[in-house]
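Worksheet: one structure, shown below.
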Amino acid sequence: MSTAKKEYKRITTKTLVDMKYRGEKISMLTAYDYTMAKIVDNAGIDVILVGDSASNVMAGHETTLPITLDQMIYHASSVIRAINRSLVVVDLPFGTYQSDPMEALRSAIRIMKESGAHAVKMEGGKEIQKSIKRILNAGIPVMGHLGLTPQSIYKFGTYTVRAKEEAEAEKLKKDALMLEKTGCFAIVLEKVPAKLAAEVAKSVTIPIIGIGAGSGVDGQVLVTHDMLGMTHEFNPRFLRRYLDLFAEMTQAFTQYIDDVKTGDFPNEKEQY
Ligand code: KIV
């Protein structure tokens with residue numbers, strides 16, 4: 001058996017905390033549809049994130065802001081129908097939890113009830129603490145997200161590394177402690193210096209899952225379409241490409257077009 005499928009029948013939020021305690025790294029990838037989720041789950045991934053990156057990857061928007069709660073529920077339901085083992089975490093989309101805790105709770109309840117997901121993820125620290133508390137009080141597990149938080153892209157102005165300056169790094173460290181104290185079961189830390197990320201991971205007992213945050217954290221997450229090389233125009237330094245599917249799929253499609261045009265497809269064995 002590969003290291004991927006090791007021992008656990010079903011991954012829960014508690015499994016992740018236990019993994020951190022044992023020093024076992026956590027693997028996480030995105031999925032937005034049934035077929036991809038089936039493959040990722042079967043490979044033995046620990047956590048599937050139905051990320052609001054679906055807004056970019058699936059819908060072609062420039063940012064994550066336009067995706068709606070209904071669209072996230074649609075993606076999450078498709079993923080849930082595919083999985084046997086992974087923990088499925090769903091992003092609360094922009095505009096569904098920032099205004100007040102009751103709206104945040106209603107949004108999280110819709111995701112859990114209508115998709116069957118296991119947890120929600122929310123971007124931000126102190127500013128959204130009351131909403132996180134309200135959701136946790138209803139028994140819904142929450143994963144935090146600090147550092148580069150793409151829903152705030154228009155405030156940041158760029159997708160460059162966050163928390164390089166002392167003041168932002170200090171706020172991030174405080175926010176991580178606050179998220180742990182409030183009851184989040186894990187935190188995604190996106191695009192921050194590796195040294196800071198390692199420090200944060202050491203300072204809390206809940207898992208820190210990094211993306212562009214170096215190796216000193218408790219797990220890693222990537223956008224599946226990026227690591228498969230399907231989105232070949234996106235090339236950040238942190239991204240490791242495991243395939244060049246853009247090239248391989250293009251080759252398959254051009255071959256198919258050629259076969260149809262020349263009459264090579266279908267052949268005698270491929271007809272009734
Ligand atoms: O939406 C997403 O895919 C994410 C990951 C990049 C962590 O939030």
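Counting starts at 1 for both ligands and their atoms, following the listed order.
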- Message: With a 3.5 Å distance limit and no angle check, can you tell me whether Asp52 reaches the backbone of Thr64 through a side-chain donor-acceptor pair?
- Response: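 It does not hold such a pair.
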
- Query: Is ligand 1 less than 4.0 angstrom away from at least one heavy atom of His145?
  - Reply: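 Per 4.0 Å heavy-atom rule, His145 contacts ligand 1.
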
- Query: Does Glu123 have a non-hydrogen atom less than 4.0 Å from ligand 1?
  - Reply: no

Does [X] reach ligand 1 with a nitrogen or oxygen that is under 3.5 Å from one of the ligand's nitrogen or oxygen atoms?
| X | value |
| --- | --- |
| Thr30 | no |
| Tyr32 | no |
| Glu190 | no |

Please determine, by modelled atom types, if [X] and [Y] share a side-chain donor-acceptor pair under 3.5 angstrom.
| X | Y | result |
| --- | --- | --- |
| Glu180 | Thr205 | yes |
| Ser78 | Asp33 | no |
| Gln98 | Gln151 | yes |
| Asn235 | Arg241 | yes |

- Task: Would you mind checking if Glu170 and Lys173 are paired as a salt bridge, meaning a charged N to carboxylate O distance below 4.0 Å?
- Result: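 Answer for the salt bridge query: yes.
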
- Pair Tyr32-His225, ring pair (Phe, Tyr, Trp, His ring centres under 6.0 Å): steps then yes or no: CA-CA 10 Å; Tyr32 321 110; His225 290 67; 5.7 Å; yes

- Task: Under 4.0 Å, heavy atoms only, figure out whether ligand 1 is touched by the backbone of Thr64, its side chain, both or neither.
- Result: neither

- Query: Taking non-hydrogen atoms only, is Asp52 closer than 4.0 angstrom to ligand 1 via side chain, backbone, both or neither?
  - Reply: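 Both backbone and side chain.
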
- Message: Does any part of the side chain of Val188, heavy atoms only, come nearer than 4.5 Å to the side chain of Met143, both counted from C-beta?
- Response: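 In contact.
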
May I ask you to list the atoms of ligand 1 that are less than 4.0 angstrom from any heavy atom of [X]?
| X | value |
| --- | --- |
| Ile211 | 6 (C) |
| Gly51 | 1 (O), 2 (C), 3 (O) |
| Asp91 | 1 (O), 2 (C), 8 (O) |

- Query: Of the non-hydrogen atoms in Met72 and Asp91, which two are nearest, and what is the gap between them?
  - Reply: CE-O, 3.5 Å

Tell me which protein heavy atom sits closest to [atom], plus the residue, atom name and distance to 0.1 Å.
| atom | value |
| --- | --- |
| atom 8 (O) of ligand 1 | Lys121 NZ, 2.9 Å |
| atom 2 (C) of ligand 1 | Ser53 OG, 3.3 Å |
| atom 5 (C) of ligand 1 | Leu49 CD2, 3.7 Å |

